[in-house]
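The structure appears right after this line, and notes come after that.
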Amino acid sequence: MNNSAHPLLAGLNAQQQAAVGASDGPVLVLAGPGSGKTRVLTHRIAWMLQEQHAAPWQVLAVTFTNKAAREMRERLARMLAGDTALQMSIGTFHAICARLLRREADAAGFSRNYLIFDTDDQLAVMKQVVKDLNLDDKRYRPASLLNAISHAKNELTSPAAYPVATYYDQVVARAYARYQETLRGNEGLDFDDLLVETVKLFQEHADLCEKYSQRYRYVLVDEFQDTNMAQYLLLRLLTGEHRSLYAVADEDQSIYSWRGADYRNITRLRGDYPGLVEILLEENYRSTQIILDAAQALIAPNPDRTIKRLFTRKPQGLPLTLHEAYDEAEEATFVAREIETLRRAGHAYSDCAVMYRTNAQSRALEEALVYATIPYRLVGGTRFYSRREIKDLLAYLRLILNPDDDISFQRVVNVPRRGIGKTTLASLMTLGQTHGSCYKAMLHLLQSDAGSRGAKALRPFAEMLAEWHALRVQGADVRDLTNAVLAAIGYEGYLRDGTDEGEARWENVLALRAVAAEAPGLALEEFLTDVALVADVDELGAEVQAVTLLTLHSAKGLEFPIVFITGLEEGLLPHSRSLDTPHELAEERRLFYVGMTRAEDRLYLTHAFRRSWYGESSPAAPSRFLDDIPPAMLGVVRKRPVLTQPATNWNVPAWRQKRPEPPAVAQRFAPGQAVRHRRFGDGVVRESVIEHGEELVTVLFFDTGAGERTFLATHAPLEAVSQH
DNA sequence: TGACGCAAGTTTTTT
DNA sequence: ACTTGCGTCA
């Protein structure tokens with residue numbers, strides 16, 4: 001390949017050029033963080049179009065998020081002429097499957113107007129199932145049943161084939177069967193179904209499989225390490241003939257095994273695609289040398305990885321900053337102050353990102369940022385589309401499309417209040433069993449029992465639905481329908497109740513209406529699909545001058561000049577639920593690795609000495625992962641006294657430890673007092689202070705090896721001894 | 001039928 | 001600390 005020849009290869013290093021121009025057979029690009037792998041993937045697409053004379057509609061590119069898909073499309077639009085970028089299929093597995101199933105709904109055997117049931121909807125269905133099967137929802141928690149079912153689906157296991165080893169499994173199998181029936185009865189598909197049904201469609205209809213595999217001549221996948229079994233099978237079905245699969249992966253960034261992702265798909269790829277060309281991308285363009293070295297030291301202990309020798313041409317950079325805070329509030333204050341300092345030194349707020357393991361941790365950080373009047377934007381959290389007012393409005397729209405959706409029906413039949421109570425609803429549910437759905441039962445009731453109280457209350461609701469349905473048949477688009485619903489139910493007056501919260505809710509509704517208005521002519525079913533598959537509405541506000549707050553999971557694929565990783569404590573990272581098995585622990589380590597490698601110039605690691613769980617504050621030990629970062633790379637800002645012995649079992653969250661919090665204790669020690677420590681022996685108290693509502697004791701031990709140490713009086717094995 | 005008060009469970013991570 | 005679900009009462 002003549003490297004000066006092609007403008008598409010300009011500005012790429014030798015490894016990247018080789019990756020872009022690799023054979024059109026199966027290719028696996030194993031790429032380190034910050035190696036420009038998404039850029040390589042994008043250039044590869046352009047390369048196939050220009051050098052292999054691929055038609056744009058022959059390209060199928062799978063990204064991990066909708067955001068990544070949008071960015072890739074925008075990039076391609078800049079690189080290519082005209083509307084080429086629009087003709088390509090670029091999206092997540094879920095989005096691509098949803099569209100395909102809509103088109104091939106007849107062959108797949110369900111309604112073209114199927115609805116996508118999100119996590120909340122799934123939970124509602126499962127609660128119904130648990131009730132129907134007379135199960136105890138304490139022993140069989142709907143959420144954990146759903147979890148088991150999701151894993152079964154990812155492995156393409158049907159309810160009938162669900163492996164039953166225990167009684168619990170048997171219940172899961174029954175719930176699974178019933179869940180699928182209920183879902184289909186509501187013309188609903190959950191996220192997993194989108195994948196599973198597409199695979200089934202291709203397996204059962206060889207002609208369709210043939211059709212799509214011929215059409216999608218060039219299949220490219222980003223973040224391949226996070227594909228699950230169903231996704232892998234789908235790729236195999238689509239590339240069975242031509243084998244033009246181009247996968248980009250990094251095993252060290254596999255962080256989604258809990259939802260069925262299996263990085264061993266990389267090994268499967270090697271077995272299933274003879275002639276697979278493997279290319280390593282080892283040059284990092286993102287991070288300073290110190291950050292890269294620290295990240296590599298951190299990830300090194302993990303087994304089963306392809307060793308990559310990452311290097312960068314960026315300068316050495318500053319050491320990482322390790323900060324130990326007293327509690328989460330102080331940790332957050334430290335972060336806020338540091339950001340303010342950085343800003344005064346010339347950085348922008350948008351250069352900074354603050355990461356954490358669990359969404360619950362954002363709260364303390366938000367409070368500190370608000371207090372410091374630092375603007376921030378929260379990624380994830382309570383998703384826009386799962387807010388109550390939005391879900392309610394969407395339920396109305398779903399009912400227009402599909403009145404037999406009982407979940408939506410029950411959600412909004414009495415929102416806003418229209419005098420339909422438990423009794424009426426219960427009779428609708430019972431009638432629904434025989435008539436097929438609550439909606440049909442309602443129609444029946446209005447006919448047969450027209451004078452009853454229930455019928456009187458239901459009639460306006462039924463009339464509204466009929467009216468909207470007629471509008472849709474006449475060709476009304478989403479914008480029209482949304483406006484019609486808002487007007488008919490008097491939503492504004494209902495939501496704007498004078499409180500700030502009410503105002504905020506109404507603003508959310510307006511935001512949704514704006515989304516609908518942006519796409520005139522958009523069909524309802526497409527709008528509802530997009531809404532279910534897209535997490536956030538504020539994608540336009542991405543350029544705002546604000547600090548970004550996000551979980552380590554949602555940090556994947558992003559980069560920031562300055563990164564704070566907070567809550568580096570045992571029980572949090574690694575998370576307490578991940579301590580049981582080595583592979584879960586390895587995934588926690590990868591999660592930390594992903595976070596570290598987001599940083600370009602500065603990386604802060606923080607942990608707290610105490611952390612609150614469920615409003616209960618308990619001591620916290622620094623994360624074991626910190627021990628794997630060579631001290632030479634760390635600049636320590638401040639050290640707090642460290643517990644000599646854990647007072648609690650770190651592996652178990654505080655709320656699970658049936659340990660009543662001892663009442664607040666008065667000061668137990670005074671200077672000059674003789675004490676004995678279980679480990680350090682005899683000593684004398686130098687100082688005892690009450691700080692943050694607890695007693696910190698500083699003891700000088702007679703055994704010179706121990707020297708002077710500070711403990712938390714309530715937790716240290718320290719006793720006063722009588723003097724003789 | 002709806003409002004209110006109390007008990008219980010909750011926190012991994014997301015398409 | 002916070003939400004959610006359930007039971008009692010007007």
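A, B, ... follow the sequence lines: proteins, then strands. Residue 1 opens every chain. Because the structure is predicted, anything quoted here is derived from the model rather than measured.
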*Only one of D250(A), L235(A), V248(A) passes side chain to side chain contact (heavy atoms under 4.5 Å, CB included) with F224(A); say which it is.*
L235(A)
*asked:* Distance check needed: dT11(B) P versus N359(A) CG, whole Å only.
replied: 11 Å
*Calculate the interatomic distance between L572(A) atom CG and dT13(B) atom C1'; express it in whole Å.*
12 Å
*With respect to the side chain of W258(A), which nucleotide from dT11(B), dT14(B), dT15(B) is positioned closest?*
dT14(B)
*Centroid-centroid under 6.0 Å between F564(A) and Y356(A) rings*: no
_Using a 4.0 Å heavy-atom cut-off, does R141(A) contact any base of the nucleic acid, only the sugar-phosphate backbone, or nothing at all?_
sugar-phosphate
*Looking at the rings of F191(A) and F117(A), which for Trp means the six-membered one, are their centres under 6.0 Å apart?*
no
*Sugar-phosphate only, base, or nothing, as touched by T119(A) at under 4.0 Å among non-hydrogen atoms*: base
*Base, sugar-phosphate, or nothing for S362(A), non-hydrogen atoms under 4.0 angstrom?*
nothing
*Would you classify K127(A) as touching base, sugar-phosphate or nothing, given that sugar-phosphate means primed atoms plus P, OP1 and OP2, and contacts are heavy atoms under 4.0 Å?*
sugar-phosphate
*Mind calculating the distance between CG (D137(A)) and P (dA8(B)) to the nearest angstrom?*
14 Å
*Check whether the aromatic ring of F93(A) stacks on the base of dT15(B), taking stacking as ring centres less than 5.5 Å apart and planes within 30° of each other.*
no
